[in-house]
Amino acid sequence: MSRQNVYDNAAFFNAYQQMRAKGAGLNDDLEQPALRSLLPDVTALTCVELGCGDGALCRRLIDRGAACVTGIDPSARMLELAHAATSNGSIEYIRSFAEDLELPAASVDLIVSSLAFHYLDDASFTALMNSVVRWLRPSGLLVASMEHPVATAGRPSGPGPDWVIDQYGEEGPRDQTWFIDGVIKHHRTLATILNTATAAGLVIERILEPTAARELLQRRPDLALHRKRPPLLLVRARRGEDWPGVEPAGIEPATSCLQSRRSPN
């Protein structure tokens with residue numbers, strides 16, 4: 001199956017930007033507050049964001065004191081927005097699929113990813129988890145959000161319930177209509193997600209499944225659906241001490257942006 005870069009589809013991109021401008025998605029009121037609650041003190045840290053989109057989180061990390069941030073995204077349209085909104089030289093952007101990225105071993109303090117992992121097929125997700133552990137410095141952190149498995153297992157229900165979970169145990173691609181037809185998201189069970197991360201050498205520290213608080217529903221009644229089942233899964237994990245890889249000699253605190261590159265296609 002060829003990889004998907006749906007954010008460079010003009011119809012999808014325009015509809016997505018309209019949704020974000022209206023604050024109508026899950027990002028502003030559910031996903032980003034939950035993700036920020038999992039972040040450590042980023043002062044002087046070297047950070048990488050996988051699936052950085054328009055770079056908003058990269059800029060927020062710099063504002064919170066990160067030494068440098070490298071944003072990775074395959075979408076030229078999203079990176080154009082990121083470059084236009086960024087003036088700080090401590091942020092660099094690279095156009096790449098996350099699973100193609102090459103970074104020096106043990107060179108990153110914090111890796112973040114916002115709503116990107118569900119676009120990865122199983123082989124890419126497994127490979128990326130292994131790369132994340134290799135890139136992280138000792139006790140480095142991964143903080144990631146993704147669509148919850150009960151959401152990726154959803155099928156259009158037709159008349160009746162607002163949503164339905166179908167074939168939860170049948171993992172693999174799910175063809176969805178989201179702004180356009182043919183958007184592919186990959187369904188994995190909660191066990192597969194967590195076991196893949198731990199098998200790579202990550203230690204799970206915290207899990208969040210944010211839903212709309214009742215006071216939020218007064219402003220966003222459309223989020224009532226998301227009190228019926230969690231739409232999002234967030235994970236904070238650190239690199240385990242018993243990672244079997246070999247550390248580069250003479251690791252020192254990171255103070256400058258990564259010299260990163262994309263592997264040949």
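Heavy-atom basis, side chains included; hydrogens, waters and symmetry copies ignored. Just so it is clear, the structure is predicted and the values come from calculations on it, not from any experiment. If you read the sequence from its start, that first residue is 1, and numbering goes on from there.
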If you compare all heavy atoms of S96 against all heavy atoms of I72, which two are closest, and at what distance to 0.1 Å?
O-CG2, 3.4 Å

For a quick check under 3.5 Å, do R188 and T152 share a side-chain donor-acceptor pair by atom type?
no

Validation row: H187, P149 side chains within 4.5 angstrom (heavy atoms)
yes

For A116, check side chain to side chain contact (heavy atoms under 4.5 Å, CB included) against everything at least two apart and list the hits.
S113

Evaluation steps, side-chain contact (heavy atoms from CB on, under 4.5 Å), between L101 and W135
CA-CA 10 Å; L101 187 66; W135 298 334; 3.8 Å; yes

Shared ILVMFWY cluster between I165 and W178, side chains joined below 4.5 angstrom?
no

Hydrophobic cluster identity match, M19 and L216, side-chain contacts under 4.5 Å
no

When rounded to the nearest 0.5 Å, the distance separating CG of L202 from CD1 of I111 is 8.5 Å

My understanding is that only one of D73, T70, T86 makes a side-chain hydrogen bond (donor to acceptor under 3.5 Å, both in side chains) with Y93; could you say which?
T86

Report the C-alpha distance between R214 and R227 in whole Å, list the side-chain angles of each, state the deciding distance to 0.1 Å, and finish with yes or no for side-chain contact (heavy atoms from CB on, under 4.5 Å).
CA-CA 9 Å; R214 295 193 181 280; R227 288 188 64 83; 3.4 Å; yes

If you look at every heavy atom in E205 and L141, which pair is closest and at what distance?
OE1-CD2, 3.7 Å

V235 side chain near F117 side chain, heavy-atom distance below 4.5 Å
no

Do D175 and I184 come within less than 4.5 Å of each other through their side chains, counting heavy atoms only?
yes

If hydrophobic clusters are built by linking Ile, Leu, Val, Met, Phe, Trp and Tyr wherever their side-chain heavy atoms come under 4.5 Å apart, do L81 and I94 end up in the same one?
no

Among T46, V48, V42, the one residue meeting side chain to side chain contact (heavy atoms under 4.5 Å, CB included) with D109:
T46

Under 4.5 Å between any side-chain heavy atoms of Q4 and V183, yes or no?
yes

Under a 4.5 Å side-chain heavy-atom rule over Ile, Leu, Val, Met, Phe, Trp and Tyr, are L26 and Y7 clustered together?
no

Charged N-O contact under 4.0 Å between D121 and R3
no

Minimum-distance pair of heavy atoms, taken over all atoms of L208 and A34
CD1-O, 3.6 Å

Return the CZ to CE distance between R134 and M129, rounded to the nearest 0.5 Å.
12.0 Å

Given the rule in the side-chain contact (heavy atoms from CB on, under 4.5 Å) test, do C47 and I62 qualify, once you have shown the distances and angles that lead to the verdict?
CA-CA 9 Å; C47 307; I62 288 294; over 6 Å; no

Any carboxylate oxygen within less than 4.0 angstrom of a Lys/Arg side-chain nitrogen, looking at D29 and R219?
yes

Locate the shortest heavy-atom distance separating S37 from R206; write the atom from each residue and the value.
O-NH1, 4.3 Å

List the atom of P230, the atom of V150, and the distance in Å for their closest heavy-atom pair.
O-CG2, 3.4 Å

Below 4.0 angstrom, N of the basic side chain to O of the carboxylate: do R95 and D8 qualify?
yes

Hphob cluster co-occupancy, L57 + L232, side-chain heavy atoms under 4.5 angstrom:
yes

NZ/K228 to OG1/T211 distance, rounded to the nearest 0.5 angstrom?
13.5 Å

Would you give the length of the straight line joining atom NE2 of H118 to atom CD1 of I193, rounded to the nearest 0.5 angstrom?
10.5 Å

Separation of D122 CG from T126 OG1 (nearest 0.5 Å):
6.5 Å

Judged by modelled atom types alone, do T189 and E171 share a side-chain donor-acceptor pair under 3.5 Å?
yes

Run the side-chain contact (heavy atoms from CB on, under 4.5 Å) test on D28 and R20 for me, step by step, so that the C-alpha distance in whole Å, both residues' side-chain angles and the decisive distance to 0.1 Å come before the verdict.
CA-CA 8 Å; D28 295 339; R20 293 302 307 273; 3.3 Å; yes

Does a donor on one side chain and an acceptor on the other come within less than 3.5 Å for S114 and E31?
yes

Decide yes or no for L233 and I207: does some side-chain heavy atom of the first lie under 4.5 Å from some side-chain heavy atom of the second?
yes

Side chains of Y119 and H186: closer than 4.5 Å at any heavy-atom pair?
no

Nearest 0.5 Å, please: how far is CZ in F13 from CZ in F179?
12.0 Å

Do D181 side-chain atoms and T177 backbone N/O form a donor-acceptor pair below 3.5 Å?
no

Heavy atoms of M78 and S75 approach each other most closely as N-OG, 3.1 Å

Within a strict 4.5 Å, meaning less than it, do heavy atoms of the R59 and N88 side chains meet?
no

Taking the side chain as every heavy atom from C-beta outward, state whether L190 and Y168 have any atom pair closer than 4.5 Å.
yes

